[in-house]
**Q** 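The structure follows.
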Amino acid sequence: MLKVFNTLTGRKDTFEPLVSGQVRMYVCGVTVYDDCHLGHARSALVFETIRRYLEHAGFAVTFVKNFTDVDDKIIKRANEQNVSCDTITAKYIRAYYEDMGKLGIGHASVEPKATEHMADIITLIEALVQKGMAYDVAGDVYFQVEKYPVYGRLSKRKAEDLLAGARVEVDERKRNPMDFALWKGAKPGEPAWPSPWGPGRPGWHIECSAMSMRHLGETFDIHGGGMDLIFPHHENEIAQSCGATGKEFARYWIHNGFVQINQEKMSKSLGNFFTIKEIFEKSEWPGEITGEILRYFLLTNHYRSPLDFSDQALREAKYALDGFYDLFNRLKEPTTADGPVNEKLATALERTRPAFERAMDDDFNTPAAVAELQGFRSEVNKLLEAGLSANARQQVRELFRLLGSVLGLFQLEKWQFNVDLSDIGVKGLTEEQIKSKVEERNEARSKKDFARSDAIRKELAAQGILLEDRPDGTTRWKR
RNA sequence: GGCGCCGUACCCAAGUGGUUAAGGGAGCAGUCUGCAAAACUGCGAUGCAUCGGUUCGAAUCCGAUCGGCGCCUCCA
């Protein structure tokens, strides 16, 4: 039984989709005016993992993730660079796919853009105006918060409390400071679309309501995003969507915690963010490996907890993954063993998958799920000492592949062993140089010239290269 | 000022009322190895920020205190 922490109810609810066997989910994507940072990656990864697990659990998932491509920040960026908004959004959508691709994060089922849903947006605003829940003032349209009596139910706030904050700049044209823009009349030079209220563009919140309802229906199962979107973004989405339809909007609200640097939120305004690009550029490992390390790092924290990013944390993730790939290598080694341990393995195989699924069923507890995989790894290593048949080894490999695929881990054929690092411009020895050193050392070893052999080992170690003599007489290296 | 979250070993991190508090990383000792690496074995919190309370029983519930963070403005 899958339990999901629902921001709306404030507790873990049993997950039951509206239509049996089908899940419809919407996640707020990025505003495309800049490169993505690790926080965006976390959010994307969290919801991708949720989708993967739901599919693993047998649901047919329709996953919608939007791009916000009309926005003040985009306009500002375009003006700064003296290019069109389209140029900016096209550039950063491309960058988004590139960055997420490196992390192994795939596309959603539907990836709508606000600019392609103007008709839906306008229809929705018209419905709200007709119902008297929205009003227009000189080309702008505002949602009237007091017309939605349960406003604040997601963020657990009362309108009075919000006003007490007094950080809201009061716009004289609003009837109530809490009211928010559905449509913004265009100022000269701004991108604009025709509407019943004159040329303009949608407010931030309305696009998500329009696009989610267009692609998923008026009521759907899951709506997600970062914690910071709870208020005001998602609160406003609920108000305007429920206000327009009179029906429930999303049933389960899921929010991920932040990536932090030294206990502080990673954000653009604080300037303490790492873009995904930077992390890959600075990494001492090849791209695909860095991608998996990042995934592992992110997944070993629960999605609702804050997590601190650091070089040390990344290194630890690397070491942990090394352990798995070392096992996969052992599993591939030829064997004639066929011991009675195969029965013990059967028990371990039977136990691991349900244990993994129990962890994931508990609000997508990926750290606990990974711990199950670690436990299985350790068990298999012990059984390997005693001798596992080739067939048994294959079964182990398949289970790691299967459960790993839910988390997007363990899908690489080659880990760090003998890899060519030229693709990330690693300084130091080239693959060729290492190879010749290794050959030289093996010649020395065959002549029992261990002084020479150890000297070469030491020399390479100084370059960060670790040699490992395999049982079959070959030598591999890793960094 | 309002709302909310967090504080578990050297580090990271599960666990949120009931047998000996998961797991990873690092460390130390040993087995194996020409030496290493990997793997294996053993060692590590009588205690879960602090102090009270509820309970037969609490890291887990309640209260207070200390420390840190987030949202209330664009933000994953």
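Lettering of chains follows the sequences in order, A, B, ..., and the numbering in each one begins at 1.
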**Q** Can you tell me, in whole Å, how much space there is between the C1' of B:A39 and that of B:A21?
**A** 27 Å
**Q** Ring centroid separation for A:Tyr148 and A:Tyr151, is it under 6.0 angstrom?
**A** no
**Q** For A:Lys156 and A:Thr7, indicate whether the former's side chain and the latter's backbone hold a donor-acceptor pair under 3.5 Å.
**A** yes
**Q** Under a 3.5 Å threshold, yes or no: a donor from one side chain and an acceptor from the other, between A:Asp179 and A:Gln144?
**A** no
**Q** Nearest-Å distance, NZ (A:Lys318) to C1' (B:G24)?
**A** 15 Å
**Q** Expressed as a whole number of Å, how far does the P atom of B:A38 sit from that of B:A26?
**A** 8 Å
**Q** Measuring only the P atom in each nucleotide, how far is B:A9 from B:G15? A whole number of Å is fine.
**A** 16 Å
**Q** Could you identify which residues of residues 443-455 of chain A place a heavy atom less than 4.0 Å from some atom of RNA chain B, listed by residue number, or say none?
**A** A:Arg445, A:Phe450, A:Ser453, A:Asp454
**Q** What is the base-pairing partner of B:C28, counting Watson-Crick and G-U wobble geometry with both distances under 3.5 Å?
**A** B:G42
**Q** Please check if the distance between the ring centroids of A:Tyr96 and A:Phe67 is under 6.0 Å.
**A** yes
**Q** Should B:U16 form a Watson-Crick or G-U wobble pair with both distances under 3.5 Å, which nucleotide is its partner?
**A** none
**Q** Can you measure A:Tyr319 atom OH to B:C12 atom C1' for me and round it to whole angstrom units?
**A** 14 Å
**Q** Expressed in whole Å, how much space separates the C1' atoms belonging to B:G23 and B:G44?
**A** 15 Å
**Q** Say you pick atom C1' in B:G52 and the same atom in B:G18; how far apart are they, in whole Å?
**A** 23 Å
**Q** Please confirm whether any donor atom in the side chain of A:Asp72 sits under 3.5 Å from an acceptor in the base of B:C74, or the reverse.
**A** no
**Q** Suppose you measure atom C1' in B:U8 against the same atom in B:C48; what distance do you get, rounded to whole Å?
**A** 4 Å
**Q** Separation of A:Leu298 atom CG from B:A76 atom P, in whole Å?
**A** 16 Å
**Q** Can you find an N or O donor on one side and an acceptor on the other, under 3.5 Å apart, linking the side chain of A:Arg42 with the base of B:A76?
**A** no
**Q** May I ask you to verify whether the side chain of A:Gln374 and the base of B:G24 hold a donor-acceptor pair under 3.5 Å?
**A** no
**Q** Between B:C12 and B:C56, how many Å separate the two P atoms, rounded to a whole number?
**A** 38 Å
**Q** If you check the A:Ala371 side chain, which of B:C35, B:C71, B:A22 turns out closest?
**A** B:A22
**Q** If you go through the side-chain atoms of A:Arg457, does one of them form a donor-acceptor pair with the base of B:C35 closer than 3.5 Å?
**A** yes
**Q** Please list, chain by chain and in numerical order, all residues satisfying salt bridge (charged side-chain N to carboxylate O under 4.0 Å, His left out) with A:Lys282, sequence neighbours excluded.
**A** none
**Q** What's the closest nucleotide to the A:Gln312 side chain, out of B:C11, B:U41, B:A76?
**A** B:C11
**Q** Just checking, any donor-acceptor pair under 3.5 angstrom between side chains of A:Glu207 and A:Asn66?
**A** yes
**Q** State the pairing partner of B:G1; accept Watson-Crick or G-U wobble contacts with both distances under 3.5 Å, and report none otherwise.
**A** B:C72
**Q** When you measure from every atom of RNA chain B, which of residues 258-265 of chain A have a heavy atom less than 4.0 Å away?
**A** A:Phe258, A:Val259, A:Gln260, A:Gln263, A:Lys265
**Q** Rounded to whole angstrom units, what separation is found between the CG atom of A:Asp363 and the C1' atom of B:U16?
**A** 13 Å
**Q** Whom does B:G47 pair with, Watson-Crick or G-U wobble, provided both distances fall under 3.5 Å?
**A** none
**Q** Rounded off to whole Å, could you give me the CG-to-C1' distance for the A:Leu307 and B:G24 pair?
**A** 15 Å
**Q** How far, in whole Å, is B:G25 from B:U20 if one measures between their C1' atoms?
**A** 24 Å
**Q** Within a 6.0 Å radius of atom CD on A:Glu343, are there more than 12 heavy atoms belonging to other residues, nucleotides or ligands?
**A** no
**Q** Could you identify the nucleotide paired to B:A59, looking across every strand shown and requiring Watson-Crick or G-U wobble geometry with both distances under 3.5 Å?
**A** none
**Q** Which nucleotide, if any, forms a Watson-Crick or G-U wobble pair with B:A9, using both distances under 3.5 Å?
**A** none
**Q** Atom CZ of A:Phe297 and atom C1' of B:G24: how far apart are they, to the nearest Å?
**A** 13 Å
**Q** Once you round to the nearest 0.5 Å, how far does CZ of A:Phe410 lie from CZ of A:Arg295?
**A** 11.5 Å
**Q** Could you work out which one of B:C40, B:A76, B:A14 sits closest to the side chain of A:Asn256?
**A** B:A76
**Q** Examine A:Arg157 relative to A:Phe231 and say whether NZ or CZ is less than 6.0 Å from the centre of the six-membered ring and inside a 45° cone about the ring axis.
**A** yes
